[in-house]
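The figures that follow rest on heavy atoms only: side chains count, while hydrogens, waters and symmetry mates do not.
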Amino acid sequence: MPTSDFLHEATERGFVFQCTDTEGLDAALRAGIIAGYIGFDCTADSLHVGSLVQIMLLRLMQRCGHRPVVLMGGGTTRIGDPSGKDESRQLLSDEQIQANKQGILRCFKPFVRFGDGPTDAPLVDNAEWLDALGYIPLLREVGVHFTINRMLAFDSVRLRLEREQPMTFLEFNYMILQSYDFRELFRRQGVLLQMGGSDQWGNIVSGVDLVRRTDGKQVFGLTTPLITTASGAKMGKTAKGAIWLTSDKLSAHEYWQFWRDVEDADVGRFLRLFTDLPLAEIARLEKLQGQELNEAKKILATEATRLAHGEDAETEAPPTVDISRADFEAGVPAFRLFVIAGLAASNGEARRLIRGGGARLNDQPIADEALTLTLADLPAEGALKLSAGRKQHRMLRAV
């Protein structure tokens, strides 16, 4: 078992799947503050729970007195990571990438402290160096250290080929550029550790090897296990869609409810990965049975939501208001529903709320003051969510 604070606790909490040199990394962590990074491509304007284990690993690194580095893939997003994908990603415009980058940044701020201190996290974008690369110089200086034989053996390439899915030459270059990222961060900021999901192992090992070959220095790689639920489902996705980390895409209550509804067998594991609770307390909670286990799930939900949405996040379910389905047959103006739900005192007030941008339907702004809802807009089961501003919410159920 490692003895450095970070690697010991990361192992105890279940973050560690593979490491290029556990003893060497453990020694480096004991010797002083080290910097470690994880890269995030800008493929959407937010991250979901599937990325949370990586964010929590950066958080743990900072809590243990080291410096986490958040690398935004402004450059690599223009190619698309083939790891774990059966087909090529849709290429995004530079404008989309920049917008997504700003959106993703919001996901980190509740978890990681940014700044210029010894253990504060810097935010870096690999477009800073990748956009300036010359193709021929890159091939001569870096490409000579990569063999096609070895690249074909890594899962990110091999699995795509075994499934007889095409891989473009553009994607094939991704491993080289991610390795180049590691070397640049090593040279620019002294970064000694790259972390990532288990699907990144080949890319990470290639970066470690590149630094050794070109700079004669030892750096380290560490991967986390693929996180699935006890029943085998992939984390971050549900039948209702992705479990996003930002409140404009998923409310704090819905986020809380996701964690409250986890399978019994997942409670202890998820408490270790997704909360800061002490390990001794988690060991006590995961032994609970029956109704008491439900209380442990509520603790998991509350702690996870507090980290992502803050201490003041509204996690309680909004009040439910019943309305007759017959009222929807001819269509009901949206502004009228706000009056029925008690979110506005009059039709005029409700109209002004919509015009001012403060009215939301299922967490989406209502842009049209004349919007009318009919039976076709009602969910087969469940309820419509109406919101007036950020604090007032009602669930509207048709009966």
Query raised in the report: Given the rule in the side chain to side chain contact (heavy atoms under 4.5 Å, CB included) test, do Phe15 and Thr223 qualify, once you have shown the distances and angles that lead to the verdict?
Result: CA-CA 8 Å; Phe15 284 104; Thr223 62; over 6 Å; no
Query raised in the report: Which is it for Gln54 and Thr224 under the side-chain hydrogen bond (donor to acceptor under 3.5 Å, both in side chains) test, yes or no, and what are the steps along the way?
Result: CA-CA 8 Å; Gln54 309 302 329; Thr224 59; 2.8 Å; yes
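Interatomic distance, CD of Glu286 versus CZ of Arg269, reported as 11.0 Å (0.5 Å rounding). Note: Leu371 CG to Ile366 CD1 = 6.0 Å, rounded to the nearest 0.5 Å. Ile227 contributes atom CD1, which lies 12.0 Å from atom OG of Ser51 (distance to the nearest 0.5 angstrom). A distance of 8.5 Å separates CG in Leu105 from NZ in Lys101, rounded to the nearest 0.5 Å. One finds the CD atom of Gln218 at 10.0 Å from the CZ atom of Arg212 (value rounded to the nearest 0.5 Å).
Take Trp244 and apply the ring-ring contact (aromatic ring centres under 6.0 Å, His included) test, not counting sequence neighbours, and it matches His48. Considering only residues two or more places apart in sequence or on other chains, Arg360 meets the salt bridge (charged side-chain N to carboxylate O under 4.0 Å, His left out) condition with none of them. For Asn149, the side chain to side chain donor-acceptor pair (under 3.5 Å) test picks out no residue, with sequence neighbours left out. Under the ring-ring contact (aromatic ring centres under 6.0 Å, His included) criterion, Phe172 pairs with no residue at all, not counting sequence neighbours. Taking Gln189 as the reference, Arg67, Val69, Pro122, Val124, Val191 meet the side chain to side chain contact (heavy atoms under 4.5 Å, CB included) condition, with sequence neighbours excluded. In this view, Phe40 and Phe108 satisfy the ring-ring contact (aromatic ring centres under 6.0 Å, His included) rule, not counting sequence neighbours. In terms of the ring-ring contact (aromatic ring centres under 6.0 Å, His included) criterion, residue partners of Tyr37 (sequence neighbours excluded) are, by chain and number, Phe182. Considering only residues two or more places apart in sequence or on other chains, Thr302 meets the side chain to side chain contact (heavy atoms under 4.5 Å, CB included) condition with Trp256. The side chain to side chain contact (heavy atoms under 4.5 Å, CB included) test applied to Ile323 returns Asp327, Phe328, Leu337, Ile340, Leu396, not counting sequence neighbours.
Hydrophobic clustering of Ile, Leu, Val, Met, Phe, Trp and Tyr side chains at less than 4.5 Å, counting indirect connections, unites Met175 with Ile148.
Arg272 has no carboxylate O lying under 4.0 Å from a charged side-chain N of Glu9, or vice versa, which leaves the two without a salt bridge.
Cation-pi geometry between Arg59 and Phe111 is not met: the NZ or CZ atom fails to fall both under 6.0 Å from the ring centre and inside 45° of the normal.
Sorted by first and then second residue, the salt bridge (charged side-chain N to carboxylate O under 4.0 Å, His left out) pairs with a member in residues 187-198 read Glu128-Arg188, Glu184-Arg188, Arg187-Asp215; sequence neighbours excluded. Within the structure, the ring-ring contact (aromatic ring centres under 6.0 Å, His included) test picks out the following pairs touching residues 272-300 (sequence neighbours left out): Trp259-Phe274, Phe270-Phe274. For the salt bridge (charged side-chain N to carboxylate O under 4.0 Å, His left out) condition, the pairs that include at least one residue of residues 28-39, sequence neighbours left out, are Asp26-Arg30.
When the shell of 6.0 Å around CD of Glu162 is examined, it contains more than 12 heavy atoms from other residues, nucleotides or ligands.
There is a side-chain donor-acceptor pair under 3.5 Å between Asp248 and Thr246.
Just one residue in the list Val112, Ile34, Thr119 forms a side-chain contact (heavy atoms from CB on, under 4.5 Å) with Met61, and that residue is Ile34.
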